[in-house]
Chemist: 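Have a look at the structure that comes next, please.
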Amino acid sequence: MEAEMWVSYAAAAIRLSVPLMIAGLAILFMSRSGILNIGMEGMMLIGSLSGVLGAYYTGNVWGGVLTAMAVCGVVGLMFGFLVITTGADQVIIGTAMNLLGLGLTTVFGRSLLGMGTEAVQVDSIPVIRIPLLADIPWIGPALFEQNTLTYMALLLVPAVSLLLYRTQWGLQVRAVGENPLATDTLGVKVHRIRYMCCIIGGMLAGVAGSALSLGILNQFTENMVAGRGFIALSAVIFGRWTPTGTMMASLLFGGADALQLRFQNIAIPYQFMLMFPYVLTMAALAWFSGKAKQPAATGLSYKSAADRHA
Amino acid sequence: METRNLVKRFGSFVANDRLNLQIGKGEIHAILGENGAGKSTLMNMLSGLLTPDEGEIIYKGRPVRFGSPREAMESGIGMVHQHFMLIPALTVAENVILGMKQGSGPWYRHTKACEDIKRISHSFGLDVDPEKRVSELSVGQQQRVEIVKTLYRGAEFIIMDEPTAVLTPPEVEDLFRVLRSLKAQGKTIVFISHKLKEVEAICDRVTVLRAGQLAASSAMTDSNAAELARVMVGRDIAPPAARPPLEGRAELLSVSGLSCRLSGVQVLQDLSLDLREGEILGIAGVDGNGQRELCEALMGLSAGQVSGSIRVRGEPVAKPHPRAMTEAGVGYIPEDRHREGLMLPMSIGENLIAKEYRKPTFSRWFTLSRKRIRQAAKAAVEDYRIKTPSIDHAVSKLSGGNQQKVILARELMLRPKVLLAMQPTRGMDVGAADDVHQRLLAERKDGCGILLVSTELEEVFALADRIAVMYKGRIVHTVDRAEADMELIGLRMAGL
C-alpha cells in the first residue's frame with residue numbers, strides 16, 4: 001500500500017514537472033543568449049489554448065501540439081522583434097506579454113470553446129507504458145508509464161545540453177549572452193542568434209503550454225498556467241542556467257505541486273497546501289539566487305558598434 | 001596599407017579629417033595622439049567596426065571597404081581592443097574559437113582547439129593555458145589571449161589599441177618580446193599609444209594625430225620623444241619646476257595603527273602616516289598592495305573590518321563615512337573612474353554637482369537649478385580644457401582623460417583641504433596628464449594636502465614632497481623626495 005502511494009506520488013510529480021521543465025528550457029535558451037523572458041506565463045497560456053484548438057480542429061492531439069508550437073513560435077518572433085530590433089525594455093515587453101496572453105486566451109477561449117461545463121474537451125496525449133523498463137519495481141511505474149511528452153521532455157534536457165555546450169552554435173549563443181559586443185567583433189551575427197533563440201523559446205513555450213492543456217488535463221481553462229511560467233523562470237535561476245539544473249529544479253517544484261494535490265484533504269486548510277509550491281519557489285530563490293550568476297548580458301538590448309555611433 | 005583622404009564624422013564633429021597614411025609590411029608603426037585625437041576612430045575604420053564617410057583604404061595594393069569586423073578579419077586584419085573583447089565566463093579555447101568555422105559539422109572540438117592554440121602560443125612565445133576560464137587570468141594573460149585570437153584568424157596586420165595602458169612594467173616587457181617575435185615572422189603591427197617612451201622603445205615608424213588631423217609622420221630614428229610630445233600636444237611640456245620645501249605647517253591628516261581585514265585577508269596592517277598643509281605625499285607601490293584599501297578605509301568605503309585612528313585637521317573621525325569625510329574637507333579621486341568616479345549616462349553638469357547638489361547653490365527647496373548646473377559645467381569645461389561636443393553630453397561619450405578631468409573638477413570645486421588622489425592620470429595622454437599635474441600642484445600651493453597614490457614611479461617622483469612605499473598593506477619605507485633614491489624605492493616596492 002505504501003509503495004503504491006509512493007509510486008503514484010512520484011509519477012504525479014514527474015508529470016507535473018514536465019510543463020515546468022519544457023518552459024524552463026525555453027527560458028534557458030533565451031536567457032543564455034541574453035534575453036530575459038518574464039513573459040513565459042503569457043506565452044504558455046497562448047500555447048495551452050492553441051494546443052486545445054489545434055487538437056479540436058485537426059482531431060489529433062499531436063496536431064494540437066504542433067499548432068501550439070507554430071503559434072508560439074510566431075509569438076516568440078514577435079517578442080524578439082520588440083526586444084531585439086526595436087530594443088524595447090525586456091521586462092516591460094515580458095509583462096505586456098503576460099497580460100496579452102491572459103486577455104487573448106480568455107476572449108478566444110470563451111468565444112471558440114464555450115464556457116463552464118460545456119467547455120470543449122479533447123483527447124489527451126496518450127500514456128505509453130515502456131515494456132520491461134516499466135516492470136522495474138518502484139522506479140518503473142513512476143518513470144516509464146508516462147505520456148509521450150514526458151519522455152520527450154526528459155530527452156530534451158540532454159539534447160539542449162549537447163546543443164549549448166558541444167556545438168559551435170551553442171558556443172555562439174552562450175557568448176552572445178555574456179558579451180554581445182565582443183561576439184559581434186568576431187563576426188557572429190548577434191541579432192540572428194538572439195532571434196533564433198526567441199523562436200526556439202517560443203516554440204518550446206507552446207509545447208509547455210500544451211503539456212498542461214493536453215498532457216495533464218484535456219481541456220483549456222482560463223488562466224490555467226497559474227504562475228507556472230514564473231516558477232519555470234525560478235527553476236532556471238535555481239538550476240543556475242544549466243539544462244540539468246533546470247530539470248532538477250523543475251522536478252522539485254513539480255514534486256511540491258504533487259504534494260499539494262495529495263494533501264489537500266487533510267486537516268490543514270487546503271489554501272495553505274495550495275500555497276506550498278509557490279512558497280517553496282520563493283524559499284529556493286531566496287536561498288540560492290545570491291550564489292548563482294546569470295549570463296552577463298541578460299536583459300540588455302544590443303546595438304552594433306556602427307549603429308551606436310550613428 | 002595606405003589610407004587616402006579618410007574622413008569620418010559623428011554628427012557635426014569631424015573625428016578624422018582627410019587622413020593620409022602609409023604603413024609598410026613588417027613594421028611596428030606607432031599612432032600617437034592625445035585622447036580624442038581620432039586614433040580609435042581611425043583604427044575602428046581600418047578594422048571594419050566603422051565605415052569611412054569619405055576617402056579610401058588601400059590594403060595590399062587594392063582598395064578595400066570593410067562592412068564588418070569579419071570582413072576585415074578575412075582580409076587578415078586583426079584588432080586587439082583597449083578594453084578586451086573577451087568573455088570572462090568562457091574558457092580561453094572557447095573565446096579563441098568563437099565565431100570561427102572549426103572543420104566540418106556543427107560540433108565544437110575542444111581538444112583540437114586547445115592543440116591549435118598551443119601551437120600558436122609556442123611559435124610566438126605567447127604562453128597561455130587554453131583550458132582556463134578567462135575570468136581566472138591576469139590582465140597580461142588576457143591580452144595574450146586577444147593576440148592569439150587574431151593570430152588564430154590568420155591576421156597579418158594587427159592593430160593594438162593602447163596595449164600597455166593596463167599592463168604592469170614586467171608585462172609590458174613581455175608584450176614587447178611578443179611584438180618583436182611577431183615582427184620577426186613578418187607580421188605588421190600598428191601600435192596605438194600615448195606613452196612616448198614605449199613608442200621610442202619598440203616602434204619603427206610613428207604617425208602623430210592631433211585633433212583628427214595628421215600632425216607628423218616619420219621614421220623613429222629621425223625623431224625623439226621631446227619632439228613627438230610637442231607635435232602631439234601642440235605646446236611644450238615642461239617638467240614640474242622645483243618647489244620650496246615646507247616647514248612647520250599644520251597637520252591635516254593623521255592616521256595611526258590603521259588595519260583592515262577584507263574577506264579573511266589582512267589588507268592593511270598597522271599603517272600610520274601623516275600629511276601636512278601644502279604637501280604631496282606620494283604612495284608608491286605595485287598595484288594591489290593595499291593602496292586602494294587605504295583610500296577606501298579613509299573615505300569610509302571599505303567593506304572590510306577597519307580599526308585604527310584617523311584624524312582630519314586634528315579632529316578624530318570615529319566612523320568614517322563618505323559624506324562626513326567630504327564635509328570634513330576630504331576630496332577623493334577614485335581609482336576606477338567608470339565604476340566609482342562617475343555616473344556615466346549622466347551629463348557633465350550632473351556629475352559635477354554629485355557632491356554638492358544639496359547645497360543652495362544648486363538647489364532650492366526641492367528643485368535643482370538647471371541654469372546654475374549648466375553654468376558650472378560650462379566653467380569646468382573651459383577651465384579644465386575638457387574636450388566635449390557640448391556641455392550636455394553624457395560623460396560616457398567623453399574619452400578617459402576628459403572623464404578624469406570631470407572628476408577632478410568636481411572634487412576641486414569643493415575646495416578640499418585634503419585630497420586623496422588614486423591613479424589620477426592612469427590611461428591619460430601626456431597633455432591631459434600634465435593638466436592634471438599642474439592642477440594638483442596649484443592645489444598644493446594653496447595649502448591643500450594631497451595623498452597621491454600612483455603605480456607610476458615617475459609620477460610620484462615628479463610631484464611628491466615625500467614618498468612612502470606600500471608593500472603588502474604596510475608602509476615599508478618613507479623618505480623625502482630630495483633624498484629619495486629611485487632604485488632603492490624600486491627594491492622596496494618589490495618587498496626587498
Side-chain angles (χ1 to χ4, degrees), chain A residues 28 31-34 87 89 158-194 196 200 240-242 245 290-298 300-310, chain B residues 8-11 13 15 40-41 44-45 47-53 66-74 78-81 83-91 93-110 113 133-135 142 145-146 149-150 152-153 396-397:
Chain A
L28 181 77
S31 193
R32 285 314 283 256
S33 77
D89 188 288
V160 171
S161 283
L162 202 69
L163 195 57
L164 277 178
Y165 295 103
R166 289 278 176 269
T167 67
Q168 294 170 24
W169 186 77
L171 175 60
Q172 293 179 3
V173 170
R174 287 184 290 137
V176 167
E178 290 286 345
N179 188 340
L181 175 63
T183 318
D184 193 9
T185 60
L186 297 174
V188 175
K189 296 203 166 70
V190 173
H191 284 187
R192 194 164 79 181
I193 298 273
R194 286 192 164 173
M196 286 161 98
I200 293 174
R240 301 178 184 202
W241 287 270
T242 63
K291 295 164 196 163
K293 207 166 171 302
Q294 67 174 352
T298 301
L300 304 174
S301 68
Y302 176 73
K303 282 192 167 24
S304 71
D307 290 343
R308 250 177 303 133
H309 282 296
Chain B
K8 182 73 193 176
R9 298 184 199 89
F10 298 122
F13 178 68
S40 295
T41 306
N44 284 338
M45 284 195 283
S47 66
L49 217 51
L50 294 172
T51 49
D53 293 333
F66 302 129
S68 72
R70 170 170 258 175
E71 287 173 33
M73 226 150 50
E74 278 161 3
M79 172 132 180
V80 174
H81 294 265
H83 302 286
F84 299 145
M85 295 290 178
L86 292 173
I87 296 153
L90 302 185
T91 63
E94 288 173 329
N95 267 285
V96 171
I97 298 304
L98 183 60
M100 295 290 288
K101 261 255 150 281
Q102 196 195 13
S104 60
W107 306 109
Y108 161 59
R109 293 182 184 83
H110 185 66
R133 269 181 210 286
V134 167
S135 56
Q142 292 186 17
V145 178
E146 282 284 29
K149 231 164 77 177
T150 60
Y152 184 84
R153 288 164 168 71
S396 60
K397 298 272 164 67

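In what follows, chains are A, B, ... by sequence order, proteins preceding strands, each numbered from 1. The structure displayed is predicted, hence computed values, not measured ones.
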Chemist: Where do B:E94 and A:L171 come nearest, in terms of heavy atoms and distance?
Modeler: CB-CD1, 3.5 Å

Chemist: Can you see which heavy atom on B:P69 is nearest to which on A:D184, and at what distance?
Modeler: CG-O, 4.2 Å

Chemist: I need the minimum non-hydrogen distance between B:L86 and A:A182, along with the two atoms involved.
Modeler: N-CB, 4.1 Å

Chemist: Provide the closest heavy-atom pair for B:M73 versus A:T185 in the form atom of the first, atom of the second, distance.
Modeler: SD-O, 4.1 Å

Chemist: For chain B, which of A:L162, A:N179, A:L163 has the most heavy-atom pairs under 4.5 Å?
Modeler: A:N179

Chemist: Is there a donor-acceptor pair under 3.5 Å between the side chain of A:E178 and the backbone N or O of B:A89?
Modeler: no

Chemist: Nearest 0.5 Å please: distance from the CD1 atom of B:I87 over to the CG atom of A:L186.
Modeler: 7.0 Å

Chemist: Who wins among B:P106, B:A72, B:S68 for the most heavy-atom pairs under 4.5 Å with chain A?
Modeler: B:P106

Chemist: Say you draw a straight line from CG of B:L98 to CD of A:Q172; how long is it, rounded to the nearest 0.5 Å?
Modeler: 6.0 Å

Chemist: Taking C-beta and beyond as the side chain, do A:T167 and B:W107 meet within less than 4.5 Å on heavy atoms?
Modeler: yes

Chemist: Can you tell me how far the OH atom of A:Y165 sits from the NE2 atom of B:H110, to the nearest 0.5 Å?
Modeler: 14.5 Å

Chemist: In the structure I gave you, are the side-chain heavy atoms of A:R174 and B:L90 within less than 4.5 Å of one another anywhere?
Modeler: yes

Chemist: Atom NZ of A:K189 and atom CZ of B:R70: how far apart are they, to the nearest 0.5 Å?
Modeler: 6.0 Å

Chemist: Pick one of side chain, backbone, both or neither for B:M79, based on which atoms fall under 4.5 Å of a heavy atom in chain A.
Modeler: neither

Chemist: Should we say atom CZ of B:R153 is surrounded by more than 12 heavy atoms from elsewhere, each under 6.0 Å from it?
Modeler: yes

Chemist: CE/B:M85 to CG/A:L181 distance, rounded to the nearest 0.5 angstrom?
Modeler: 4.0 Å

